[in-house]
K.L.:
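I am attaching a structure below and will ask some questions about it afterwards.
We're numbering straight along the sequence, starting at 1.
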Amino acid sequence: MTDAQLAEWEASRDLEAELLESVRQMKRGEGTVVHSPVIAARQNSGLSQAQFAQLLGVSVRTLQGWEQGRKQPSGAARTLITLAQRNPQALRDLASA
């Protein structure tokens with residue numbers, strides 16, 4: 001989409017109507033909830049945000065950013081999150097050591 005097309009589309013939107021329709025869809029149960037794989041990995045491991053963040057070597061705020069989809073983990077953190085998804089007991093063992 002070109003800048004001109006994007007500007008034209010933005011100008012034609014009725015944000016109030018879009019918001020009201022979104023609320024109606026949620027009330028009808030038509031909304032979609034997207035779950036973060038980072039949240040799932042942490043919950044499967046049974047660790048708190050603080051424990052999980054410490055184990056990954058990041059701040060709780062960074063972990064929250066990943067869980068909320070504002071940021072994406074990279075490198076070793078992504079590998080440890082994959083490990084937590086596949087073998088949550090391994091992380092529980094590390095946390096208790």
K.L.:
Which residues pass the side chain to side chain donor-acceptor pair (under 3.5 Å) test with Ser48, not counting sequence neighbours?
P.N.:
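Partners of Ser48 under the side chain to side chain donor-acceptor pair (under 3.5 Å) test: Gln51.
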K.L.:
Taking only residues two or more places apart in sequence or in another chain, which ones pass salt bridge (Lys or Arg N to Asp or Glu O under 4.0 Å) with Arg13?
P.N.:
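Arg13 satisfies salt bridge (Lys or Arg N to Asp or Glu O under 4.0 Å) with Glu10, Glu18 only.
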K.L.:
How long is the straight-line distance from CD of Glu8 back to CG of Asp3, given to the nearest 0.5 Å?
P.N.:
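One finds 13.0 Å between CG of Asp3 and CD of Glu8.
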K.L.:
Taking atom CG of Asp14 as the centre, report whether more than 12 heavy atoms of other residues, nucleotides or ligands fall under 6.0 Å from it.
P.N.:
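For Asp14, atom CG is crowded (more than 12 foreign heavy atoms under 6.0 Å).
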K.L.:
Could you work out, with side chain to side chain contact (heavy atoms under 4.5 Å, CB included) as the rule, every residue matching Ser96, not counting sequence neighbours?
P.N.:
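Residues passing side chain to side chain contact (heavy atoms under 4.5 Å, CB included) with Ser96: none at all.
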K.L.:
Check side chain to side chain contact (heavy atoms under 4.5 Å, CB included) between Gln68 and all other residues, then give those that pass, not counting sequence neighbours.
P.N.:
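Residues passing side chain to side chain contact (heavy atoms under 4.5 Å, CB included) with Gln68: Gln64, Arg70.
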K.L.:
Once you round to the nearest 0.5 Å, how far does CD of Gln72 lie from OG of Ser36?
P.N.:
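Interatomic distance, Gln72 CD to Ser36 OG, rounded to 0.5 Å: 7.5 Å.
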K.L.:
By the rule that ILVMFWY residues connect when side-chain heavy atoms come within less than 4.5 angstrom, directly or transitively, which residues belong alongside Leu56?
P.N.:
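Hydrophobic cluster check, Leu56: joined to Val38, Leu47, Phe52, Leu55, Val58, Leu63, Trp66, Leu80, Ile81, Leu83, Leu91, Leu94.
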K.L.:
Please enumerate all residues that pass side chain to side chain donor-acceptor pair (under 3.5 Å) together with Glu16, with sequence neighbours excluded.
P.N.:
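Glu16 satisfies side chain to side chain donor-acceptor pair (under 3.5 Å) with no other residue.
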K.L.:
Does Leu20 sit in a hydrophobic cluster with other residues, and if so which ones, taking ILVMFWY side chains as linked at heavy-atom separations under 4.5 Å, directly or through other members?
P.N.:
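Leu20 shares its hydrophobic cluster with no other residue.
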K.L.:
With Thr62, which residues qualify under side chain to side chain donor-acceptor pair (under 3.5 Å), at least two apart?
P.N.:
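Once residues adjacent in sequence are excluded, the partners of Thr62 under the side chain to side chain donor-acceptor pair (under 3.5 Å) criterion are Ser59.
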K.L.:
Salt bridge (charged side-chain N to carboxylate O under 4.0 Å, His left out): which pairs involve residues 87-97, sequence neighbours left out?
P.N.:
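Listed once each, the pairs would be none.
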K.L.:
With ILVMFWY side chains joined below 4.5 Å, transitively, what does Ile39's cluster contain besides itself?
P.N.:
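None, because no other hydrophobic side chain comes under 4.5 Å of this residue.
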K.L.:
Got a sec, which residues hit salt bridge (Lys or Arg N to Asp or Glu O under 4.0 Å) with Glu30, two or more places apart in sequence or on another chain?
P.N.:
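Applying salt bridge (Lys or Arg N to Asp or Glu O under 4.0 Å) to Glu30 gives Arg28.
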K.L.:
Just jot down the side chain to side chain donor-acceptor pair (under 3.5 Å) partners of Thr79, sequence neighbours excluded, or say none.
P.N.:
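Scan of Thr79 (side chain to side chain donor-acceptor pair (under 3.5 Å), adjacent residues dropped) gives none.
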K.L.:
Can you tell me if CD on Gln85 sees more than 12 non-hydrogen neighbours from other groups inside 6.0 Å?
P.N.:
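Counting neighbours around CD of Gln85, more than 12 heavy atoms of other residues, nucleotides or ligands fall under 6.0 Å, so yes.
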